[in-house]
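Have a look at the structure below before the remarks.
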2 protein chains.
Amino acid sequence: MSDSTIYEVARLAGVSIATVSRALRNTGPVSAATREKVQRAVEQLKFTPSRLGVSLAEGRHAANGIVFPDLSGPYFAEVLLGYEEVAAELGRSVLILSTRDRDGVPATVKDLATRVDGLVVFGQTLSDAMLTELAESGLPTVLLARDAHPGTEAVRSENGGAAEALAVHLIAHGHRAFALAGGHDEGDVSQRWTAVARTLGLHGIPVPRPVECPYTVEGGYEAGLRLLPDNPDVVMCADDQVALGVILAAEELNLKIPGDVAVTGWDDIMAARHARPALTTVRQPLRELGGAAARVLDELIAGVEPTNTTRVLATDLVIRSSCGPHPPAQEEQ
Amino acid sequence: MSDSTIYEVARLAGVSIATVSRALRNTGPVSAATREKVQRAVEQLKFTPSRLGVSLAEGRHAANGIVFPDLSGPYFAEVLLGYEEVAAELGRSVLILSTRDRDGVPATVKDLATRVDGLVVFGQTLSDAMLTELAESGLPTVLLARDAHPGTEAVRSENGGAAEALAVHLIAHGHRAFALAGGHDEGDVSQRWTAVARTLGLHGIPVPRPVECPYTVEGGYEAGLRLLPDNPDVVMCADDQVALGVILAAEELNLKIPGDVAVTGWDDIMAARHARPALTTVRQPLRELGGAAARVLDELIAGVEPTNTTRVLATDLVIRSSCGPHPPAQEEQ
DNA sequence: CTCGTGTGTGTAAGCGCTTCCACTGCCCCG
DNA sequence: CGGGGCAGTGGAAGCGCTTACACACACGAG
């Protein structure tokens with residue numbers, strides 16, 4: 001913003017740099033007259049303190065980072081939004097790092113780590129070994145959408161209860177043949193499938209094995225093509241994007257939703273409401289998730305010792321038409 | 001990442017800090033033996049150079065920022081993704097700043113400016129005065145989704161041609177009564193409406209005045225409720241989210257799309273493909289937009305003088321079913 | 001008229017790095 | 001065999017700030 005330094009301001013104002021600093025940060029007594037002179041010099045030179053100088057002297061960055069695998073879906077974007085909002089509120093800039101399939105992730109993360117006072121890391125983005133390394137380095141770290149790792153805190157949204165409620169709802173519809181789309185061992189999703197399996201078991205319904213696929217529309221489409229020929233009553237999907245893909249596959253196979261097969265998602269992204277048919281799903285408080293992570297991280301940075309606690313935010317079952325016919329009153333747009 | 005400094009490494013390796021620095025950055029002759037000793041010391045202490053120290057000495061941040069109004073829609077998220085990807089490729093971290101409706105934006109932007117080597121700024125996010133201030137401060141700046149401001153470069157996607165093509169297509173459908181949803185004077189959108197107006201004029205069709213609304217589903221819904229009672233043949237929308245909102249409003253009013261009224265969007269976000277009916281729209285190369293901005297910014301940072309040039313990326317007309325019936329062959333999923 | 005007690009200000013020591021410059025050997029060419 | 005050149009290294013000066021510490025001075029209390 002400006003090329004002038006505190007020295008030039010000091011010279012122009014006829015005082016020492018210490019005084020300039022004190023005047024600018026209100027960090028010590030400065031006479032009104034001096035303050036005035038400094039103020040004038042600052043304006044004349046359009047002086048803005050160098051962030052680098054400040055940070056080096058203060059020993060803090062006043063910035064924190066967030067690491068996520070991708071930003072293509074609405075999921076991460078929403079969480080990021082909530083995160084940035086709260087971080088800004090707390091006076092911290094935010095650095096982002098998307099790992100994608102990039103190689104050299106560890107190096108990039110380490111670079112990021114040197115630029116921030118703390119880090120938020122999404123679910124399975126980083127290996128546990130890497131997380132341990134981060135924790136041991138003393139960098140405050142908060143995990144998102146998974147349970148805490150030693151030396152960190154975590155924030156996620158409720159999975160088991162909502163998954164159970166969703167399964168119960170589907171069973172009430174009369175669905176018996178279940179299929180599950182999406183699911184390597186990601187903490188979040190596996191928690192849901194576990195609850196679904198338990199619920200189905202209690203009702204004496206066969207428990208399907210989840211079919212793995214990328215959490216994208218394309219991934220869901222592929223999964224749909226594999227699952228639908230077996231004529232399931234319902235395909236429960238790891239997230240809404242997968243569900244949208246399954247819907248596409250169903251259309252391709254001339255299957256009617258929910259007539260021939262029901263489909264459910266998870267997250268309640270915008271497209272879920274606009275899908276044809278509108279998607280029954282579970283709403284995650286995405287922004288709140290990000291915001292909560294920012295606050296927890298701030299505490300850690302402030303010096304609170306990590307307790308390996310996982311904070312769990314509530315989710316809502318959102319019943320729409322993709323899971324089967326309802327009396328209109330029950331539907332929600 | 002590590003609390004050790006270059007001094008400790010130097011002491012442990014039995015050399016001077018200058019040598020450590022040279023060994024680590026390959027910036028001068030170092031004997032194999034010395035290099036080895038340094039390497040060992042680095043590993044033993046888990047030394048990672050302090051970014052602050054490096055940046056202060058080098059006089060650069062190796063980071064750049066991006067300023068956008070919001071991240072709620074897919075639009076900004078996609079562009080951001082492309083931006084981050086290329087920035088990472090170029091070895092730069094990225095700091096994000098969402099302005100939202102927050103007050104104190106100028107101050108926040110100035111703070112951001114002190115943390116980066118260059119800035120990408122979305123369309124109407126910042127006032128022209130603010131842009132001038134940035135440019136004059138010498139901070140490399142690239143504008144997105146609008147034309148260049150003095151002292152900057154700009155990247156946007158093509159608007160006029162696609163808007164004209166879309167209008168022509170709609171006219172070919174037999175639509176005559178046009179309505180336009182969304183449109184304060186944003187550079188991008190106003191360019192489209194101008195082209196639409198010209199095209200309609202050439203065909204002797206009355207030119208409607210755009211109805212302003214926020215670029216969100218809710219905004220589109222409101223706009224739809226206001227516009228649809230006038231029985232337009234088609235509602236052209238500023239972006240896909242607005243179009244989705246108009247579709248919702250049409251449902252509410254029991255209007256069939258495209259039977260009673262056609263609707264078009266802009267951007268081709270994911271939900272457009274999954275909407276009911278699927279949305280005719282214009283595809284913007286969102287990621288490429290972000291990537292191009294990152295590259296241009298990198299040149300500016302490397303010292304290339306700004307030329308106030310606007311780079312224009314091509315767009316594609318995407319015909320789906322929301323604009324009227326087509327022979328199946330013409331449709332695209 | 002002293003001795004605290006503040007207020008207001010300057011000096012200088014960092015913060016952690018990069019890099020210019022100087023210096024020491026050593027090798028090789030004439 | 002002398003000297004130029006270069007590989008290898010260290011000293012030290014920044015980069016732009018914050019802040020502990022010292023100091024000067026004024027003022028009211030004893």
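Throughout, a chain's letter reflects where its sequence line sits, starting with A, and its residues are numbered from 1.
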Phe68(B) vs Phe76(B) aromatic rings, parallel, tilted or perpendicular, using cut-offs 30° and 60°?
-> parallel

For nucleotides 15-26 of chain D, 5' to 3', base contacts (B), sugar-phosphate-only contacts (S) and non-contacts (-) with protein non-hydrogen atoms under 4.0 Å give BBBBBB------

Does the pair Glu85(A)/Arg100(B) count as a salt bridge with the N-to-O cut at 4.0 Å?
-> yes

Separation of dG8(D) C1' from Asn26(B) CG (nearest whole Å) | 14 Å

Working to the nearest 0.5 Å, report the span between CG of Asp239(B) and CG of Asp267(B).
-> 5.5 Å

Check: Asp147(B)/Gln191(B) side-chain N/O donor and acceptor closer than 3.5 Å = yes

Return yes when atom CG of Asp128(B) has more than 12 non-hydrogen atoms of other residues, nucleotides or ligands closer than 6.0 Å, and no otherwise.
-> yes

Separation of Arg35(B) atom CZ from dG8(D) atom C1', in whole Å?
-> 11 Å

Looking only at dG10(C), dT7(C), dT9(D), the nucleotide nearest the Ser16(A) side chain is dG10(C)

Under 4.0 angstrom, heavy atoms only, what part of the nucleic acid is Ser55(B) near: base, sugar-phosphate, or nothing?
-> nothing

Between Arg35(A) and Asn26(A): side-chain donor-acceptor atoms closer than 3.5 Å = yes

Could you grab the distance from atom CG of Leu139(A) to atom CG of Leu300(A), nearest 0.5 Å is fine?
-> 10.0 Å

To the nearest angstrom, the CZ-C1' distance between Arg115(A) and dC17(C) comes to 14 Å

Tell me, which stems hold DNA chain C, with a stem being 3 or more Watson-Crick or G-U pairs in a row and both distances under 3.5 Å?
-> C:1-30 with D:1-30

Provide, to the nearest angstrom, the distance between the CD atom belonging to Glu36(A) and the C1' atom belonging to dT9(C).
-> 18 Å

Counting N and O atoms only, with roles assigned by atom type, does the side chain of Tyr83(A) sit under 3.5 Å from a partner on the main chain of Gly65(A), one being a donor and the other an acceptor?
-> yes

